[in-house]
There are 2 protein chains.
Amino acid sequence: MAANRRPTLADVAREVGVSAKTVSRVLNADGPASAQTREQVLAAVAKLGFQPNLMARNIRVGGPDTTIGLVIPDLGNPFFGAVARSIEDTVHDRSLTLLMGSSADDPDRERALTDKFLARRVSILMVVPSVGADHSHLKAHRTAGLPVVFIDRPGAALATDSVVSSHRTGAHEGVAHLIAHGHRRIGFIGDLPTKLYTRRERLAGYRTALQEADIPYDRSLVANAHDRQGAEAATSQLLGLADPPTALFAGNNIVALGMVTELARSRRKDVAVVAFDDVELGEALEPALTVVAQDPQEIGRTAATIALARLDGDRSRARTITVPTRLIVRGSGERPAAKLINVGGS
Amino acid sequence: MAANRRPTLADVAREVGVSAKTVSRVLNADGPASAQTREQVLAAVAKLGFQPNLMARNIRVGGPDTTIGLVIPDLGNPFFGAVARSIEDTVHDRSLTLLMGSSADDPDRERALTDKFLARRVSILMVVPSVGADHSHLKAHRTAGLPVVFIDRPGAALATDSVVSSHRTGAHEGVAHLIAHGHRRIGFIGDLPTKLYTRRERLAGYRTALQEADIPYDRSLVANAHDRQGAEAATSQLLGLADPPTALFAGNNIVALGMVTELARSRRKDVAVVAFDDVELGEALEPALTVVAQDPQEIGRTAATIALARLDGDRSRARTITVPTRLIVRGSGERPAAKLINVGGS
DNA sequence: TTGAAAGCGCTAACAG
DNA sequence: CTGTTAGCGCTTTCAA
């Protein structure tokens, strides 16, 4: 019943008959302590089930908390999960703990989360910035020494370290792959909102690839989707056009899932596909899915490394580091355009 | 240059010419405050960029911190990502923030994480317990009013709320599905370590399904894998047996990925497959993957709901809630056993 | 409507 | 080797 008060340092001290500071010394291996005292203290700690209050400690010591605040669009998205995992691995031996939250790409939620993290005095702040988010409030913290790193997208109008994939050249490469296999009507299904940095960059890559091949940009071949269901609908919409595409480019991993699912359901094996960002089981599909793979592990590692360097006093200019994407050709991009089927026979 | 000290309540008070308590009152909508004072205070807060130190506040108020500690095996595993997402959604309007860490199923890492979380005075502790982890140290916290919930697996030897999938009956159902389609040599590839609760339960389901069909348990048909590569190897090992299985059961999502990948690579379309836990694109495979789907969203929601009820004073006995799995038949479990091919012709 | 003092749990700085 | 005092930034308590 009794919601017992948690034991404090003073309780332990009283139990042993020493001062609080002595207990503190033993527990933090600060200053010296006789073997006997140490033993008694440890015994009392165990007996009372004492656990030091880290918040109280932090407040006294004054330094930042041993946490790292991470704001991502969706905890459930495997891409960001992989990034988070990699960050955690990288900061593990500095014993930093992850404080995480999903912004759902909503600038207000993002702001609420960063404010909370700042109020907790995180050691490092990492954000996948939402469209329309204002980051001017972070400037003061940055100058006060708080490492701030933007992930996946550069922060708007703020000189801050960023780690991004080569969205544009990656998309370019993926679309060029389709063009190289004879496709001239290539559909593009991208993120929502359309102002999203990643969406704009990837679409830009798509457009330059078309340009280089003298293929006119056809707005009706560009669609949008926010989730898997939306991507399925967009896929069937594009394929239902009067002059439909012979190939499709998926603008992110979620779109890819919907696109592939819809193509499988409608048994459209004739449509070539390349996806931005790899998906699980991509290589087990028939044909296997050709992707422009991002490297979430490297992204996380890089972001964490930069942040730790800043924490250690690195005061150099803010950098934007681009982690290269890699075209993984598995077959789905090579489905023949139009009627060029089986020229070679087999 | 100057690593400026962050402004404190006192700084704001000095700026306005009031006492610290007045500022506190305005900021927390505690007690009354004249419109003029309020305005001045707010202006000063904005000007100085003051952000209250949540740690200091918490220490004084004495209550638990507005965080919820979550220990999972792997931040990068989509299943646990989905669970985390669901927990976050459920606790969102209580404005609790997630403090997360990966245990890698290592009891020592798990203990280190829970200790850290307890030291931070989390409001709620949620753990996917590792094999061999001792949870006796949590008992005192539980009686002191800290809600503790085990996820996916019940905690060893401790009466604590748990939320688990119907591992055993789910596996049973999946294997029975294979048996119903004529299979009698069914391989099982499970988690490592073999003492893992989920692994044991799912294997138990497999065994009872065999028993009910009077199929003898053949130890050589049971293999283990810790990761995707291991699952690929285990798959090819089982298929290389003198008397190989005609069907395979994957004990978890990671194993399923490896198994399906290996089957695709070796073009073994004749092997029937059922997987425990759904995977992305399972329905786009050929044939589409039949799975015993877990419900990570419901698991997360249930765990969070229980914990919040405890936080609100629910003192009823600890419960173990089982979230049902669901057999989703998509085709891969129906590949004919042995030589029963094309009886119907087409 | 406001302020002064005390104290949350802990540690820095100085004694002894 | 150990204890005392003060104080981190905030809120509670009591008084004005």
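Just so we're on the same page: letters track the sequence lines, and every chain starts at 1.
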State whether [X] places a side-chain N or O below 4.0 Å from either non-bridging phosphate oxygen (OP1 or OP2) of [N].
X       : N      : result
A:Ser19 : D:dT4  : no
B:Thr22 : C:dG3  : yes
A:Ser24 : C:dT11 : yes

A:Ser162 (side chain) donor-acceptor with A:Thr320 (main chain) under 3.5 angstrom: no

Nearest-Å distance, [atom1] ([X]) to [atom2] ([N])?
X        : N      : atom1 : atom2 : answer
A:Arg121 : D:dC10 : CZ    : P     : 7 Å
B:Asn58  : D:dT11 : CG    : P     : 10 Å
A:Asp30  : D:dC1  : CG    : P     : 14 Å
B:Asp65  : D:dC10 : CG    : P     : 15 Å
B:Leu27  : D:dT12 : CG    : P     : 14 Å
B:Asp11  : D:dC10 : CG    : C1'   : 13 Å
A:Asn28  : C:dG9  : CG    : P     : 17 Å
B:Arg14  : C:dA4  : CZ    : C1'   : 16 Å

Of all the nucleotides listed ([options]), which has the minimum atom distance to the side chain of [X]?
X       : options              : answer
B:Thr37 : D:dC1, C:dT1, C:dT11 : C:dT1
A:Lys21 : C:dG9, D:dT2, C:dT11 : C:dT11
B:Ile59 : C:dC8, D:dT2, D:dG3  : C:dC8
A:Arg60 : D:dC10, D:dT4, D:dC8 : D:dC8

Salt bridge flag under 4.0 Å for residues [X] and [Y]:
X        : Y        : result
B:Arg301 : B:Asp295 : no
B:Asp161 : B:Arg142 : no
B:Asp108 : B:Arg111 : no

Residue closer to the 5' end of DNA chain C, A:Arg25 versus A:Thr8 (nearest nucleotide): A:Thr8

Judged by nearest nucleotide, the residue sitting upstream toward the 5' end of DNA chain C, A:Val23 or B:Ala56, is B:Ala56

Indicate, yes or no, whether a donor-acceptor pair under 3.5 Å links the base of C:dG9 to the side chain of A:Arg6. no

So, does the side chain of A:Arg57 form a donor-acceptor pair with the base of C:dG9 at under 3.5 Å? no

Do A:Asp312 and A:Arg94 come close enough that some side-chain heavy atom pair is under 4.5 Å? yes

